[in-house]
Amino acid sequence: GFLCGVASDSVRCYLRHIKWLSHHDLSSGLPNRSALFALVKEVLTEQDEQSEAYVLAVISIENEKELLSTFGVSVLDSAVTQLVTRLQQKEAQIVSIYRINTMRLCVLIRCAPCLERERFFVQLSTLFREPVRFQDIPIHLDIRMGSVALTDEQLSPQAYLQQAESALAEACNKARDHVSFNPAISTASKENLVMLGELKNALTEKQLTLHYQPKVDMSSGKVHSVEALMRWNHPQKGNIPPGIFIPRAEDSTLINQITYFALNQAMAQMVLWQKSGISVPVAVNISARNLLQSDFCSVVSLLLERHGLSGEQLELEITEGVLMGDEQRAVAELNKLAQAKIILSIDDFGTGYSSLQYLHQLPVSFLKIDQSFVRRLPADKAAISIVEMAVSMAHKMNIRTIAEGIEDQATYDFLKNIGCDMAQGYLISRPLPAAEYALWHRQHNGCLG
Ligand code: C2E
Ligand code: MG
Ligand code: MG
């Protein structure tokens, strides 16, 4: 009987442990996702008009990969423990804290009016800004939060967590500390995923084409090069502008395939034009992500070789601001491209500010003044001084300038007067399909006026 009692005690103890495990995160001892779902379910069923309402918030360590690769797994456990201690200072509002995966905490908060709720999240962000310590090293955590109010008892705890996660994704995309969920967020992210899926098909189903727009030398009037601009002819939705689909592709690895397609297509076109007597370099727009692709320069060089072209015949346009984030890697890749004799331009100049300080280090030949300034010429004083400054600064660095988006003669004349080197815009030609561009080029004999 005694033995039996011992055995059943240890079985009970073991069962209790198993039960505990099923509701806790082993390394931190915090309740886990199942425990969270159980409590949310309880809260939702008990919630009536008089009682308190609640908010569910996901708190995520976004620089987790960097932390893991530098310090190993234990850094996350230590960071989480320190975050929990800070959260406990807010016990008046925070009902309970859960660890839902290695880098994410979830908290259930007593709901306050909207404005106060915002203030509460600002206070949390301030708490998180202080570095945590690991092996006596102060470590910065990049923390983002997404939250959702538990207002509808019909929704499942899983659905609420998903909404908080999509608010978190929005916070990451918009580089904000905290975002509260609203239905537009999940619609937008669903549309995004659908569009990315369709874009992938578009690549294989030949819905993507390039149109070409000339850039003209203002002193000689000769066509200097043509810019390839992507067009998506969607079978149901019609033309989708690159301003819509490129930024979405840029957030995923699909942009590498898009750029490869543009480069390959532009080079093939260049060769065709050459055969018909039109010899003109083509400029292709590339994205930040391309420069961070470690073998980007070799991909481009290989393509040039395959088409029998040399580096000088290809121009790459890189949007200003691209160099934010990982400047060193981007600059290293730009240098490789320049060594391969590829011509580099900074696109949309004036819209970012980050690369200004790096401009003198960059191996670029051209600066494209953004159309938002060009459009305001020749009347707007602020635009005039920015454009004049850009032209003189570029010239001091031996960089030539192009004005994009020129729509009228007055603007063209103004720019020519202040010494801008090249012009591009509807005044000269709209972006045209390849065959139409060839006609345009022949009509103008590769030269304006
Ligand atoms: P961007 O490279 O700065 O291209 C200039 C944009 O201005 C093009 O819009 C062009 O059609 C338009 N444009 C040209 N002249 C005029 C003008 O006189 N007036 C006005 N209002 N607009 C003018 P688009 O083709 O819609 O392209 C938008 C942006 O999408 C491009 O800006 C570029 O950043 C991106 N993009 C286009 N094709 C590609 C591509 O193949 N790859 C990548 N990564 N980005 C691309
Ligand atoms: Mg461009
Ligand atoms: Mg531009």
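Below, all heavy atoms of this structure are taken into account, side chains as well, without hydrogens, waters or symmetry copies. Each ligand, and each atom within it, is numbered from 1 in the order the structure gives.
- Protein N/O/S atoms found under 2.8 Å from the Mg ion (ligand 3), listed by chain and residue number: Asp347 OD1, Asp348 OD1, Glu404 OE1, Glu404 OE2.
- Tyr412 has its side chain out of reach of Leu377: every pair of non-hydrogen atoms, C-beta onward, lies at least 4.5 Å apart.
- Applying the side chain to side chain donor-acceptor pair (under 3.5 Å) test to residues at least two apart or on different chains, the pairs with a partner in residues 120-130 are Lys90-Gln123, Arg129-Asp177.
- Contact annotation: for Gln371 versus ligand 1, heavy atoms closer than 4.0 Å belong to the side chain alone.
- Atoms of ligand 1 lying under 4.0 Å from at least one heavy atom of Ile406, given by number and element, are 18 (O).
- Atoms of ligand 1 lying under 4.0 Å from any heavy atom of Met230, numbered from 1 in the order shown and given with element: 37 (C), 38 (N), 41 (O).
- Of the possible donor and acceptor atoms, one in the side chain of Tyr160 sits under 3.5 Å from a partner among the backbone N and O of Asp152.
- Note that the CD atom of Gln269 and the OH atom of Tyr437 stand 11.0 Å from one another [nearest 0.5 Å].
- Heavy-atom separations between Pro241 and ligand 1 are all 4.0 Å or longer.
- Among all protein heavy atoms, the one lying closest to atom 36 (N) of ligand 1 is Pro242 CB, 4.0 Å.
- Side-chain contact check for Asp408 and Thr411: at least one donor-acceptor pair (N or O, by modelled atom type) lies under 3.5 Å.
- The distance from atom CD of Glu404 to atom NZ of Lys368, rounded to the nearest 0.5 Å, is 5.0 Å.
- Taking CG of Leu108 as the reference point, atom OH of Tyr98 lies at 6.0 Å (rounded to 0.5 Å).
- Among all non-hydrogen protein atoms, the one lying nearest atom 21 (N) of ligand 1 is Glu407 OE2, 3.0 Å.
- Atom 42 (N) of ligand 1 has Asn285 O, 3.2 Å as its closest protein atom, hydrogens excluded (heavy atom only).
- Annotation: the span from Glu64 atom CD to Met103 atom CE amounts to 4.0 Å, rounded to 0.5 Å.
- Between the side chains of Thr401 and Asp421, at least one donor N or O sits under 3.5 Å from an acceptor N or O.
- Protein heavy atom in closest approach to atom 4 (O) of ligand 1: Leu229 CD2, 3.6 Å.
- Less than 4.0 angstrom separates atom 29 (C) of ligand 1 from none of the non-hydrogen atoms of the protein.
- Close contacts of ligand 1 with Pro431, meaning ligand atoms under 4.0 Å from a residue heavy atom, involve 11 (O).
- Between Glu227 and ligand 1 there is a heavy-atom distance shorter than 4.0 Å.
- For atom 3 (O) of ligand 1, the nearest non-hydrogen atom of the protein is Asp348 OD1, 3.0 Å.
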Item to complete: Carefully, step by step, assess Ile399 and Met393 under the rule side chain to side chain contact (heavy atoms under 4.5 Å, CB included).
Response: CA-CA 8 Å; Ile399 296 171; Met393 191 188 65; over 6 Å; no
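- Shown in contact with Ser287 at under 4.0 Å from a heavy atom are these atoms of ligand 1, numbered in order with element: 44 (N).
- Nearest protein heavy-atom neighbour of atom 13 (N) of ligand 1: Tyr426 CE2, 3.8 Å.
- By the definition of a contact as any protein heavy atom under 4.0 Å away, atom 9 (O) of ligand 1 is not in contact.
- Near Asp347, meaning under 4.0 Å from one of its heavy atoms, ligand 1 places the atoms 1 (P), 2 (O), 3 (O).
- Taking a 4.0 Å cut-off on heavy atoms, Thr259 fails to register as neighbouring ligand 1.
- Nearest N, O or S atom of Glu227 to the Mg ion (ligand 2): atom OE2.
- At distances below 3.5 Å, at least one donor-acceptor pair connects side-chain atoms of Arg289 with backbone N or O atoms of Glu250.
- Distance alone, capped at 3.5 Å, is enough to place a donor-acceptor pair between the Ser186 side chain and the Pro183 backbone.
- Numbered from 1 in the order shown, with element, the atoms of ligand 1 that lie under 4.0 Å from a heavy atom of Gly425 read 15 (N), 18 (O).
- The ligand atoms of ligand 1 that sit less than 4.0 angstrom from a heavy atom of Gln213 are 14 (C), 15 (N).
- A donor-acceptor pair under 3.5 Å is formed between the side chain of Gln82 and the backbone N or O of Arg133.
- Contact annotation: for Ile246 versus ligand 1, heavy atoms closer than 4.0 Å belong to the side chain alone.
- You'll find the ring centres of His178 and Phe128 outside the 6.0 Å limit.
- Atom OG1 of Thr81 is separated from atom CZ of Arg86 by 11.5 Å, given to the nearest 0.5 angstrom.
- The main-chain N or O of Val331 is found under 3.5 Å from a side-chain atom of Asn335 such that the two form a donor-acceptor pair.
- Distance alone, capped at 3.5 Å, places no donor-acceptor pair between the Arg144 side chain and the Ser60 backbone.
- Neither the backbone nor the side chain of His211 comes within contact range of ligand 1; no heavy atom lies under 4.0 Å.
- Not a single heavy atom of Arg375 sits closer than 4.0 Å to an atom of ligand 1.
- Close contacts of ligand 1 with Glu404, meaning ligand atoms under 4.0 Å from a residue heavy atom, involve 3 (O).
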Item to complete: Kindly determine whether Arg119 and Glu116 satisfy salt bridge (charged side-chain N to carboxylate O under 4.0 Å, His left out), including the steps that lead there.
Response: CA-CA 5 Å; Arg119 211 171 302 139; Glu116 227 169 283; 5.4 Å; no
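- At a heavy-atom distance under 4.0 Å, no atom of Arg430 approaches ligand 1.
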